[in-house]
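In each ligand, atom 1 is the first atom listed, and ligand 1 is the first ligand listed. On a predicted model such as this, the values are computed, not experimentally measured, just so you know.
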Amino acid sequence: MDIKKMIQDMTLEEKASLCSGSDFWRTKAVERLGLPKLHLSDGPHGLRKQAEGGDHLGVNISIDAVCFPASCGTAASFDPELIESIGETIGEECRAENVAVILGPAMNIKRSPLCGRNFEYMSEDPYLTGEMAAAFVRGVQSRGVGTSVKHFALNNQEHERMSGSSEASERTMREIYLAAFERAVKESAPWTLMCSYNKINGEYASENHWLLTELLREEWGFDGLVVSDWAAVNDRIKGLEAGLDLEMPSSGGDNDRLIVEAVKNKTLSEEVLDRAVERYLKLVEKYIEHDTTEKYVFDKERDHNRAVEFAKESMVLLKNENHLLPLSEKEGILFVGGFAKKPRFQGGGSAHITTSHVSNCLDESKKRAQISYEEGYDTESGDRDEAKLEAAVEAAGKASTVVIFAGLPDSFESEGYDREHMRLPEVQNELIRRIAEVQKRTIVVLHNGSPVEMPWINEVDSVLEAYLGGEGVGEAEAALLFGEANPCGKLAESFPIKLSDNPSYLNFPGKNKKVFYNEGIFVGYRYYDRKEMEVLFPFGHGLSYTKFSYSDLTADKAVFEEGGALTVSVQVTNCGDREGKEVVQFYVSDLTGTTLRPVKELKGFQKVKLAPGETKTVSVTLNDRSFAYYDEEVKAWVVPQGRFEILAGGSSRELPVKLEISAEPKNKSVFRADTNTTVGEIMDIPGLYEAIRERLLPKLSALLPKANEDQGQPVSEAISEDMERAILKYMPLRGLRSFGHLTNREVEELVDLVNSEAEKL
Ligand code: BGC
């Protein structure tokens, strides 16, 4: 395609027409120039292809497709290769259905367990989210289909999502809410990126020049197309100038006319329009010029089987006392709860996939053992039913083992609104409690897209978090329960004991169209760790039917030099008697004390498969970003100088091996004092205070406790050095004018002295 020529050949009206959709899902064609329409479609947990007159809330039917596990689960696989193969599969389905862009991955950070779309999102951790999103993008795009990383940015709730403003500091944005997008953009070059509905610090994302141009393109090097979330456009002209290329869905031609008028009356430069058109044409080019000699077919059976495999890797064994799982008996097992027969396997809204092939654990388990079943409550209405409850409790008392299938009903979790609390329906909590009273061997299987409180956790032996497992949920659950597959998922989010423990609790979901991210960078485990709080289950936690041990954490060098790399390696051994997979996690802890930081942050992970008795060395390479924080003063990522600790293990709260290294920044910040520098800042530089102390102290008689000068006692003997330091710490040098009777000139001389001594260090 000769894009430049094509733009030259287009009329102003044609160019403006390419800046918005022709209908709900498709862009516009320019037949005269042989330019086709492109079809964009939801997902991303499968293909949600609708006819032209669709909707964005999952209300209308879409083609029969294959539903993969939701991202809450696939992120728990901690397995980028798996995510990449999900992407490849969806990419092939898109090709077969002539879909040019799949609208995902959805990758907003899980700030609160209540966000209605958490099931679609990946993690509370930006590093994990970024790695997983990048892998998905790689997978899809390898098939010549575009992705749309969404929702950029700070769209972490549904409440007032189309009008509210997310208020956060630049450090909070950079370190937590933007970092995953940055990683995905830099690592995998998504063809498109979807800007979110909300405002950021008062400016709509769709009109935010800093976000869409300065940061995204100029700093991160994004060269794809920015598309609006569906109806996220407020002022089309301002959006175009900010870097929003394509408005979706159609504006009925109104905004196209506005663009034409604006160019004609010179309130919009034609170059800005051409730039958006060029980016759109590049997208078309990528799609149509992809080598399609290999014909893709949408093979639903093959993809269903893949969905089963993906689900097995995405479930997390939270608790397993007395080795209750895997089930070994062939009879006497009782299943309770409607989700055994009709599982909840996906969330609501634009991610909703139409599928006709959902497996359930009851039917699948009956192929393996004799299973009886009780509903326990009215699963249709979700209501308590005394007779069903009593029947379940009675049968539970007689069974050898009980598996309760619990979880959140559809109405609790969806796009469009947030959850109001973090509890399971009370009828289910009661059922679990009552059964656990009469049955020691009780297992709970959970179906939910976001954490729930578990008031009964100490009464049951085993809990399997199945998340929303997609259409293969039943087969995957049965394989895990009966031990044909070994659980290997790890939590990509912390499970707090109760909602009010969550750091966003006081500020979620905000009021009057503003939500303040006052917890700052302390999101998820970053907060629970710093506060030394107990959690129900920590980030990174997940059990297996085997056990792993860790030893010999080493680094290839003792000093990390900024701009370089440092490889850390650890030995992991499967010390149980089954094959299993472990997610080896590496966290970095800043001991330099330069600024307030989380106790530790995930900076590397790798999933390994180990045979019984086998040991493998697992290595990850750390770089600047593994050590840096974002400094708002200097507006840059800064690697602080000093000691760091690297910790490795199988959960954020079980890190048995550690080592210390130090970091050397490229440009050591040169200390420069001025009249506002405090004595404490001088004391923080090793050796500096000592170098000036003798000259300083005699001037400070007014500040320090009186020496008995009459008897010739020097100041330095009147108080201890610790006290002297404590008293002087917060004193700016200029303060010595009043307290130390220094003249302006003497203060200036002191500043010069400090600076010249600092240079000598
Ligand atoms: C959602 C997007 C989705 C789009 C199209 C919006 O409401 O926020 O995630 O891709 O609709 O359905």
Side-chain angles (χ1 to χ4, degrees), residues 20-27 38-63 65 67 70-72 90 94 97 99-110 115-122 129 133 136-137 140 145-164 166 180-181 184 190-200 204-206 224-234 244 246-251 346-354 413-418 449 509:
S20 62
S22 67
D23 54 41
F24 214 79
W25 299 113
R26 292 181 304 170
T27 57
L38 292 186
H39 194 123
L40 287 64
S41 174
D42 275 319
H45 309 125
L47 190 51
R48 181 172 164 262
K49 190 181 176 199
Q50 290 187 316
E52 296 85 86
D55 68 273
H56 65 127
L57 286 174
V59 181
N60 292 322
I61 202 82
S62 48
I63 60 160
C67 179
S71 291
C72 53
I90 292 174
C94 286
E97 289 291 331
V99 166
V101 177
I102 185 97
L103 300 173
M107 51 185 295
N108 297 88
I109 293 294
K110 299 186 190 200
C115 169
R117 291 185 90 171
N118 271 3
F119 71 90
E120 283 184 67
Y121 300 148
M122 296 175 177
T129 303
F136 184 85
V137 170
V140 173
V145 172
T147 51
S148 198
V149 294
K150 68 186 186 183
H151 312 84
F152 193 60
L154 286 93
N155 176 187
N156 309 90
Q157 61 186 54
E158 293 301 279
H159 175 80
E160 296 183 333
R161 72 166 165 161
M162 297 182 84
S163 53
S166 301
F181 285 101
W191 290 6
T192 85
L193 169 144
M194 185 190 289
C195 74
S196 57
Y197 289 124
N198 52 292
K199 294 178 179 172
I200 296 164
Y204 280 110
S206 64
L225 169 116
V226 175
V227 56
S228 71
D229 197 348
W230 267 229
V233 169
N234 171 51
L244 168 61
L246 176 65
E247 171 180 10
M248 284 301 286
S250 158
S251 68
Q346 66 169 328
S350 62
H352 194 272
I353 310 293
T354 302
E413 280 177 306
S414 170
E415 178 177 341
Y417 55 90
D418 297 312

S.K.: Below 4.0 Å from any atom of ligand 1, is there a heavy atom belonging to Arg117?
M.R.: yes
S.K.: Taking Asn108 for the side chain and Lys110 for the main chain, is one N or O donor matched with an acceptor at less than 3.5 Å?
M.R.: no
S.K.: Answer whether the closest heavy-atom distance between the side chains of Ile90 and Phe136 falls below 4.5 Å.
M.R.: yes
S.K.: Is there side-chain contact between Asn198 and Arg161, with heavy atoms separated by less than 4.5 Å?
M.R.: no
S.K.: Does ligand 1 have an atom under 4.0 Å from some heavy atom of Met194?
M.R.: yes
S.K.: Is the closest heavy-atom distance from Phe24 to ligand 1 below 4.0 Å?
M.R.: no
S.K.: Taking only heavy atoms of Leu103, which atoms of ligand 1 are found under 4.0 Å from at least one of them?
M.R.: 10 (O)
S.K.: Could you list the atoms of ligand 1 found under 4.0 angstrom from a heavy atom of Glu415?
M.R.: 1 (C), 6 (C), 7 (O), 8 (O)
S.K.: Any N/O of Trp230 closer than 3.5 Å to an N/O of ligand 1?
M.R.: no
S.K.: Run the numbers for me: atoms of ligand 1, each under 4.0 Å from some heavy atom of Trp25, listed by number.
M.R.: 5 (C), 12 (O)
S.K.: Please work out, at 4.0 Å between heavy atoms, whether the side chain, the backbone, both, or neither of Arg161 comes within that distance of ligand 1.
M.R.: side chain
S.K.: Side-chain contact, heavy-atom cut-off 4.5 Å: Gln50 with Trp25?
M.R.: yes
S.K.: Run the numbers for me: atoms of ligand 1, each under 4.0 Å from some heavy atom of Asp229, listed by number.
M.R.: 1 (C), 2 (C), 3 (C), 4 (C), 6 (C), 7 (O), 8 (O), 11 (O)
S.K.: Please could you name the atoms of ligand 1 that His151 approaches to less than 4.0 Å, counting only its heavy atoms?
M.R.: 2 (C), 8 (O), 9 (O)
S.K.: Classify the contact between Met248 and ligand 1 as side chain, backbone, both or neither, using a heavy-atom distance cut-off of under 4.0 Å.
M.R.: neither
S.K.: Quick one: does Glu415's side chain have a donor or acceptor within less than 3.5 Å of a partner on Ser350's backbone?
M.R.: yes
S.K.: Is a side-chain donor or acceptor of Gln346 paired with a backbone partner of Cys67 at a separation under 3.5 angstrom?
M.R.: no
S.K.: Distance-only, no hydrogens or angles: does the Lys150 side chain make a donor-acceptor pair with backbone N or O of Asp229 under 3.5 Å?
M.R.: no
S.K.: Show me which atoms of ligand 1 lie under 4.0 Å from any heavy atom of Ser350.
M.R.: 1 (C), 2 (C), 3 (C), 9 (O), 12 (O)
S.K.: Do we see a donor-acceptor contact under 3.5 Å between the side chains of His151 and Arg117?
M.R.: yes
S.K.: What atoms in ligand 1 come closer than 4.0 Å to a heavy atom of Lys150?
M.R.: 2 (C), 3 (C), 9 (O), 10 (O)
S.K.: Locate the shortest heavy-atom distance separating Met107 from Ala184; write the atom from each residue and the value.
M.R.: CE-CB, 4.1 Å
S.K.: Among Val227, Asp42, Leu40, which one has a heavy atom closest to atom 3 (C) of ligand 1?
M.R.: Asp42
